[in-house]
> 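Take this structure first; my questions come after.
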There are 2 protein chains.
Amino acid sequence: MTSPKPGRVLYATAARRAILELLKREQRYLTAGSIYLLLKDANPKLALSTVYRTLELLESLGTVSGRSEASGESSYVHCSDEHHHHALCTVCGHVDDVDCAAMEQFKATLLAKQSFLLDEHSVEFYGRCADCR
Amino acid sequence: MTSPKPGRVLYATAARRAILELLKREQRYLTAGSIYLLLKDANPKLALSTVYRTLELLESLGTVSGRSEASGESSYVHCSDEHHHHALCTVCGHVDDVDCAAMEQFKATLLAKQSFLLDEHSVEFYGRCADCR
DNA sequence: CTGTATGCAAATCATTTGCAGCTTA
DNA sequence: TAAGCTGCAAATGATTTGCATACAG
């Protein structure tokens with residue numbers, strides 16, 4: 001939603017690289033706190049606030065997608081920046097992107113049955129991925 | 001998810017009645033804070049913590065469904081306790097329940113294309129309801 | 001009566017922010 | 001050298017909790 005301040009030049013810093021690489025590698029939802037803990041050893045001077053700021057930046061760039069855990073924390077996955085949804089494995093936490101072509105017929109049904117004109121939708125799928133089945 | 005302690009007897013108190021009636025009447029997502037403000041005048045001794053505790057209770061009973069706003073706050077709507085989704089009007093905020101029969105074919109597609117076995121899904125729809133179209 | 005619920009105030013906890021010093025381009 | 005970052009510590013703000021009192025059944 002929020003884009004970085006227009007005209008601002010972004011720097012590829014060590015912290016940003018480390019956080020993005022971790023997210024690309026893990027392919028599962030991670031909270032700011034867990035990212036901080038996972039990177040702390042290799043990057044002793046990393047600050048939690050930097051993790052928060054980087055996540056906010058990556059989300060604004062569409063590189064990462066956030067959601068709220070039941071615990072009240074926010075977590076993030078690295079993902080494509082096109083409109084899509086996530087298939088989240090309830091066994092290993094692995095997250096895959098899913099396109100939403102099939103949603104079109106659902107939209108038609110909604111309009112016919114409830115006169116609701118569907119503009120947007122946010123979906124999260126929970127199940128078992130190819131590896132965990 | 002969390003159920004009230006088993007064997008515990010629930011009282012129908014004034015605060016609980018007021019909160020539930022408000023939610024039933026409004027049919028839109030309300031935060032604890034806004035519920036508190038809306039009820040404050042008619043119920044001068046109502047405490048914000050009571051609103052939080054009541055919302056937690058109602059959610060555990062399946063009477064109410066919560067979600068996280070972008071602002072970081074949680075909000076709640078009164079809704080059916082069966083498995084369903086919400087169609088949220090982006091104009092007036094009105095929330096209707098939607099069943100998920102159409103999701104079945106989407107599940108089949110997911111399995112065929114990505115070998116992902118869909119167990120659960122959470123969906124939120126945004127659009128314009130019959131009144132706002 | 002007795003178990004529950006409530007109000008109030010204090011405590012938590014995730015997230016945000018101000019600012020001076022450090023980096024990247 | 002700048003414009004951008006970062007670490008640190010302090011500030012926020014939503015939600016939770018302890019406890020003594022009030023209330024429902």
Side-chain angles (χ1 to χ4, degrees), chain A residues 1-23 29-61 63-76, chain B residues 1-23 29-61 63-76:
Chain A
M1 296 279 128
T2 320
S3 299
K5 186 185 300 176
R8 170 148 135 268
V9 178
L10 298 176
Y11 289 2
T13 65
R16 290 178 177 175
R17 263 192 283 261
I19 294 169
L20 183 53
E21 273 165 24
L22 176 68
L23 283 164
Y29 281 99
L30 294 172
T31 63
S34 62
I35 290 173
Y36 175 68
L37 289 179
L38 286 168
L39 296 176
K40 182 81 194 202
D41 290 331
N43 310 60
K45 25 182 230 182
L46 177 65
L48 182 54
S49 58
T50 299
V51 177
Y52 276 107
R53 285 190 273 231
T54 300
L55 288 171
E56 180 186 19
L57 173 66
L58 293 177
E59 186 169 42
S60 76
L61 295 174
T63 309
V64 133
S65 165
R67 70 170 201 143
S68 330
E69 302 292 331
S71 69
E73 292 165 280
S74 297
S75 58
Y76 302 81
Chain B
M1 294 278 125
T2 320
S3 300
K5 186 186 300 177
R8 171 147 135 270
V9 177
L10 299 176
Y11 290 0
T13 65
R16 290 179 177 175
R17 263 191 284 261
I19 293 168
L20 184 52
E21 272 165 25
L22 176 68
L23 284 164
Y29 280 99
L30 294 172
T31 63
S34 62
I35 290 172
Y36 176 68
L37 289 179
L38 287 168
L39 295 176
K40 182 81 192 197
D41 290 331
N43 311 61
K45 24 182 229 180
L46 177 66
L48 182 53
S49 57
T50 299
V51 177
Y52 276 106
R53 286 190 273 231
T54 300
L55 288 172
E56 180 186 20
L57 173 66
L58 293 177
E59 186 169 42
S60 76
L61 295 174
T63 309
V64 134
S65 166
R67 70 170 201 142
S68 328
E69 302 293 329
S71 68
E73 293 166 279
S74 298
S75 57
Y76 302 82

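The chains referred to below are lettered A, B, ... by the order of the sequence lines, with proteins before strands, and numbering in each begins at 1.
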> Checking Ser74(A) now: which residues fulfil side chain to side chain donor-acceptor pair (under 3.5 Å) with it, not counting sequence neighbours?
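Counting only residues at least two positions away or on another chain, Ser74(A) forms no side chain to side chain donor-acceptor pair (under 3.5 Å).
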> Expressed as a whole number of angstroms, how long is the span from Arg67(B):CZ to dT15(D):P?
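Result: 13 Å.
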> Out of curiosity, Leu57(A) CG to Ile19(A) CD1, how far, rounded to the nearest 0.5 Å?
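It comes to 9.5 Å.
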> I need the CD1-P distance between Ile19(B) and dA5(C), as an integer number of Å.
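To the nearest whole Å, that distance equals 13 Å.
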> May I have the distance from Arg17(A) (atom CZ) to dA25(C) (atom C1'), rounded to whole angstrom?
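Taking atom C1' of dA25(C) as the reference, CZ of Arg17(A) is at 12 Å.
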> Hey, can you pull the donor-acceptor pairs under 3.5 Å for the side chains in residues 36-44 of chain A, sequence neighbours left out?
residue	atom	partner	partner atom	Å
Tyr36(A)	OH	Lys40(A)	NZ	2.5

> Would a 4.5 Å heavy-atom cut-off, applied to side chains only, mark Ser75(A) and Leu30(A) as touching?
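No, their side chains stay 4.5 Å or more apart.
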> Sorted by first residue and then second, give each side chain to side chain donor-acceptor pair (under 3.5 Å) pair with at least one member in residues 12-22 of chain B; sequence neighbours left out.
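Those involving residues 12-22 of chain B do not exist here.
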> Could you tell me whether Ala14(B) contacts a base, only the sugar-phosphate backbone, or nothing, with contacts defined as non-hydrogen atoms closer than 4.0 Å?
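Since no nucleic acid heavy atom lies under 4.0 Å of Ala14(B), the category is nothing.
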> Once you round it to whole Å, what is the distance between C1' of dG4(D) and CZ of Arg16(A)?
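Arg16(A) atom CZ is separated from dG4(D) atom C1' by 8 Å.
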> Just how far, in rounded Å, is P of dT6(C) from OH of Tyr36(B)?
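Going from Tyr36(B) (OH) to dT6(C) (P), I get 14 Å.
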> Quick one: salt bridge (Lys or Arg N to Asp or Glu O under 4.0 Å) pairs with a partner in residues 63-76 of chain A, sequence neighbours left out?
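Every pair satisfying salt bridge (Lys or Arg N to Asp or Glu O under 4.0 Å) with a residue in residues 63-76 of chain A: Arg67(A)-Glu69(A), Arg67(A)-Glu124(A).
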> Rounded to the nearest 0.5 Å, how far apart are CG of Leu23(A) and OG of Ser65(A)?
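Result: 11.0 Å between the selected atoms.
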> Distance check needed: dT6(C) P versus Ile35(B) CD1, whole Å only.
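It is 14 Å, rounded to the nearest whole Å.
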> How does protein contact run along nucleotides 15-21 of chain C, one letter per nucleotide 5' to 3', with B for base contact, S for sugar-phosphate only, - for none, heavy atoms under 4.0 Å?
BBBB---
> Does Thr50(B) have any side chain to side chain donor-acceptor pair (under 3.5 Å) partners at least two apart in sequence or in another chain, and if so, which?
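Thr50(B) satisfies side chain to side chain donor-acceptor pair (under 3.5 Å) with no residue once adjacent residues are dropped.
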> For the helix from dC1(C)-dG25(D) to dA25(C)-dT1(D), what angle separates the axis at the start from the axis at the finish, each from five pairs, in steps of 10°?
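Rounded value for the end-axis angle: 40°.
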> Looking only at non-hydrogen atoms, find the nearest pair between Ala32(B) and Val51(B) and report the distance.
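Minimum heavy-atom contact is O-CG1, 3.6 Å.
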> In whole Å, what is the span from the CG atom of Leu55(B) to the P atom of dT16(D)?
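Going from Leu55(B) (CG) to dT16(D) (P), I get 10 Å.
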> Is the shortest side-chain heavy-atom distance between Leu20(B) and Thr54(B) below 4.5 Å?
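Result no, sub-4.5 Å side-chain heavy-atom pair not found.
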> Go through residues 40-47 of chain B and report each residue with a non-hydrogen atom lying under 4.0 Å from DNA chain C, sorted by number.
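Residues of residues 40-47 of chain B that come under 4.0 Å of DNA chain C are, in numerical order, Lys45(B), Leu46(B), Ala47(B).
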> So, taking the atom named CG in Leu58(A) and the one named CZ in Arg53(A), what distance separates them when rounded to the nearest 0.5 Å?
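If we round to the nearest 0.5 Å, Leu58(A):CG and Arg53(A):CZ are 14.0 Å apart.
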> Within a strict 4.5 Å, meaning less than it, do heavy atoms of the Leu48(A) and Ile35(A) side chains meet?
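Heavy-atom side-chain distance check fails, nothing below 4.5 Å.
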> Between N or O atoms, less than 3.5 Å apart, protein on one side and nucleotides 1-3 of chain C on the other: list the pairs.
residue	atom	partner	partner atom	Å
dG3(C)	N2	Tyr11(B)	OH	3.4
dG3(C)	N3	Tyr11(B)	OH	3.2

